[in-house]
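Residues: numbered from 1 along the sequence shown. Counting starts at 1 for both ligands and their atoms, following the listed order.
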Amino acid sequence: MQEIVVRLRYPVRFTHGILDARNLTLRNAVEARARVVVVVDGGLVEAQPSIPPDVVAYCRAHGDRLHLVSTPLVVPGGEAIKNDRRPVDAIRAAIDLHRIDRHAYVVAIGGGAVLDAVGYAAATAHRGVRLIRVPSTVLSQSDSAVGVKNGVNHFGKKNFVGTFAAPHAVLNDLDLLLTLSDRDWRSGISEAIKVALIRDAGFFAWIEQHADALLHRSLNAMARLVHRSAELHLGHIATSGDPFELGSARPLDFGHWAAHKLEAMTSHELRHGEAVAIGLAQDCAYAHLAGDLAQADLWRVIGVLEAVGLPIWHEAMLAAGRGGRPAVLDGLEEFREHLGGRLTITLIDRVGSAFEVHELDERLVLAASALLRRHTEQGALTG
Ligand SMILES: NC(=O)c1ccc[n+]([C@@H]2O[C@H](COP(=O)([O-])OP(=O)(O)OC[C@H]3O[C@@H](n4cnc5c(N)ncnc54)[C@H](O)[C@@H]3O)[C@@H](O)[C@H]2O)c1
Ligand SMILES: [Zn+2]
């Protein structure tokens, strides 16, 4: 038996003004003078049109290190990039055309969807060229960009095609978040709430105390949220003993079985972060009805989600599927298949403490959804 040990090391840095020539974060992420192709999220460019010219100017100022091989490639932003093969092909074509080899770099600047698609293209070209991620949304800075996964959607399923591949570096520029829509600003907060719920009761209490500041777009509060969430996500990947998710347990996917299904059922009208908020409320309501989570804790979870402006229920939870059975229930089997092995669902028995179950009682799943529906509708009626 031969054992092969692979060590992964990559920096996750936090900065402001990453494309200011005086900021050396990006320059220092590249080891020696190298060819660089830069791919930018089209939604980000719409909000911040100076980014492509700033990239060109930055690389010119640091021309002794960064050899920018072409003007930045602008790709569609949001889930659209993961639902279409052409952008991934265009990125691979740029890697080929500009002779980006395994010692050259792809720099991806954008939201979680663009980083997932560029990451997939980079990981599969030449079996993996170096990727520097510059996440530009709350969700990607606090969760997806610091991890080791990429992927695109196929057969109507989230992330059906993708790889595990560590980035070369992750550079979080908090200033990029300033132009996010309110919806995207808030939706990333749910992944921080998720990781707080399973790992860190103190962080959860901090989010409760700063919910109003977060809702009203305090960049200071958001900087702390992003930093702690990224740290907890990264800590899990580094210390769980299963960075490539070979086992069936997936605590970071707390709330995600319903979330993934709801995203597909709403044709991605729901943002990933919004769907995760609903999934968290759903699984906490379930844990409460199953007798595992105190009512006071359930109200804290619902309270904090609502306080930062996130939804806790969606009418797609009622949509009928095969044989009139609620379609969302199929999400359980799809989740099991996506993860592989035995169905393993993470629940919490108090804030900050997770446990696992291997089946959910479908009647309780529906009762939990009905509870959240009542709460949502009463909330709407009483304003
Ligand atoms: N790989 C992982 O481990 C992992 C983990 C969690 C989520 N994800 C994936 O991440 C995706 C969601 O990412 P997201 O929440 O970042 O949303 P997103 O990437 O869909 O971006 C949301 C919108 O914001 C725009 N945008 C990006 N940055 C902007 C900025 N600074 N200013 C203005 N607009 C900006 C985008 O163009 C898009 O329209 C989903 O596809 C999800 O599956 C992946
Ligand atoms: Zn997620």
Participant: Measure from the side-chain N and O atoms of R35 to the backbone N and O of V69, and report whether any donor-acceptor pair falls under 3.5 Å.
Facilitator: no

Participant: One pair to check against side chain to side chain donor-acceptor pair (under 3.5 Å): E191 and H272. What are the steps and the verdict?
Facilitator: CA-CA 9 Å; E191 301 280 11; H272 179 70; 2.9 Å; yes

Participant: I'd like to check which ligand 1 atoms, numbered from 1 as shown, lie under 4.0 Å from a non-hydrogen atom of S136.
Facilitator: 27 (C), 28 (N), 29 (C), 30 (C), 31 (N)

Participant: Please check: side-chain N/O of S136 versus main-chain N/O of G110, any donor-acceptor pairing under 3.5 Å?
Facilitator: yes

Participant: May I ask you to check whether over 12 heavy atoms, not counting those of R86, lie within 6.0 Å of atom CZ?
Facilitator: no

Participant: Quiz question: by atom type and distance under 3.5 Å, do the side chains of N150 and T163 form a donor-acceptor pair?
Facilitator: yes

Participant: Mind telling me whether F164 and F244 have parallel, tilted or perpendicular rings, with 30° and 60° as the class edges?
Facilitator: tilted

Participant: Regarding atom 30 (C) of ligand 1: of the candidates V148, D116, L44, which has the closest heavy atom?
Facilitator: L44

Participant: Tell me, which protein residue and heavy-atom name are nearest atom 32 (N) of ligand 1, and how many Å apart are they?
Facilitator: T179 OG1, 2.8 Å

Participant: Is there at least one pair of N or O atoms, one from S181 and one from ligand 1, spaced under 3.5 Å apart?
Facilitator: no

Participant: Given A117, G112, S190, S144, which one has a non-hydrogen atom that is nearest to atom 17 (O) of ligand 1?
Facilitator: G112

Participant: For K158, is there an ion pair with E263 - N to carboxylate O distance below 4.0 angstrom?
Facilitator: yes

Participant: Compute the shortest N/O to N/O distance between N150 and ligand 1 and return yes if it is under 3.5 Å, no if not.
Facilitator: no

Participant: Give the residue, atom name and distance (to 0.1 Å) of the protein heavy atom nearest atom 31 (N) of ligand 1.
Facilitator: L176 O, 2.8 Å

Participant: Using a 4.0 Å cutoff against the non-hydrogen atoms of K149, which atoms of ligand 1 qualify?
Facilitator: 1 (N), 3 (O)

Participant: Should we count CZ of R350 as having more than 12 external heavy atoms under 6.0 Å?
Facilitator: no

Participant: Heavy atoms only: which of G151, G78, S140 is nearest to atom 39 (O) of ligand 1?
Facilitator: G78

Participant: Look only at interatomic distance and state if G110 has a nitrogen or oxygen under 3.5 Å from any nitrogen or oxygen of ligand 1.
Facilitator: no

Participant: Enumerate the atoms of ligand 1 whose separation from the nearest heavy atom of T137 is less than 4.0 angstrom.
Facilitator: 14 (P), 16 (O), 27 (C), 28 (N)

Participant: Counting backbone and side-chain atoms alike, does E191 have an N/O/S atom under 2.8 Å from the Zn ion (ligand 2)?
Facilitator: yes

Participant: Could you check atom 42 (C) of ligand 1 against the protein and tell me its nearest heavy-atom contact, residue, atom and distance included?
Facilitator: K158 NZ, 3.5 Å

Participant: Output the list of atoms in ligand 1 that are nearer than 4.0 Å to some heavy atom of G43, sorted by atom number.
Facilitator: 34 (N), 37 (O)

Participant: At less than 4.0 angstrom from any non-hydrogen atom of D41, what atoms of ligand 1 do you find?
Facilitator: 27 (C), 36 (C), 37 (O)

Participant: Surrounding CG of N220 (heavy atoms of other residues, nucleotides or ligands, distance under 6.0 Å), is the total greater than 12?
Facilitator: no

Participant: Geometry only, no angles: is A113 polar-contacting ligand 1 at N/O separations under 3.5 Å?
Facilitator: yes

Participant: Relative to atom 29 (C) of ligand 1, which among V45, L180, I81 owns the nearest non-hydrogen atom?
Facilitator: L180

Participant: Output the list of atoms in ligand 1 that are nearer than 4.0 Å to some heavy atom of E79, sorted by atom number.
Facilitator: 20 (O), 40 (C), 41 (O)

Participant: Under 4.0 Å from a heavy atom of G77: give me the atoms of ligand 1 that qualify, with their elements.
Facilitator: 37 (O)

Participant: Rounded to the nearest 0.5 Å, how far does NZ of K194 lie from CD1 of I348?
Facilitator: 13.5 Å

Participant: I want to confirm something. Looking only at heavy atoms, which of V75, I51, L139, N159 is nearest to atom 7 (C) of ligand 1?
Facilitator: L139

Participant: Which one of L115, V39, V107, V118 satisfies the side-chain contact (heavy atoms from CB on, under 4.5 Å) criterion with L131?
Facilitator: V118

Participant: Do A47 and ligand 1 have an N or O pair less than 3.5 Å apart?
Facilitator: no

Participant: Checking T25 against N23 for the side chain to side chain donor-acceptor pair (under 3.5 Å) test, could you report, in this order, the C-alpha distance in whole Å, the side-chain angles of both residues, the deciding distance, and whether it holds?
Facilitator: CA-CA 6 Å; T25 313; N23 183 323; 2.5 Å; yes

Participant: When you measure from the Zn ion (ligand 2) to each N, O or S atom of H272, which atom gives the shortest distance?
Facilitator: NE2

Participant: Say you draw a straight line from CG of N159 to NZ of K149; how long is it, rounded to the nearest 0.5 Å?
Facilitator: 7.5 Å

Participant: Answer yes or no: does an N/O atom from D143 fall short of 3.5 Å to an N/O atom of ligand 1?
Facilitator: no

Participant: Where do L225 and W206 land on the side chain to side chain contact (heavy atoms under 4.5 Å, CB included) test, with the steps shown first?
Facilitator: CA-CA 9 Å; L225 179 117; W206 182 91; 4.0 Å; yes

Participant: Based purely on interatomic distance, does S187 place a nitrogen or oxygen under 3.5 Å from a nitrogen or oxygen of ligand 1?
Facilitator: no

Participant: Take atom CD of E46 as the centre, draw a 6.0 Å sphere, and report whether it contains more than 12 heavy atoms from other residues, nucleotides or ligands.
Facilitator: no

Participant: Which residue supplies the protein heavy atom nearest to atom 24 (O) of ligand 1, what is that atom called, and how far is it?
Facilitator: D184 OD2, 3.6 Å

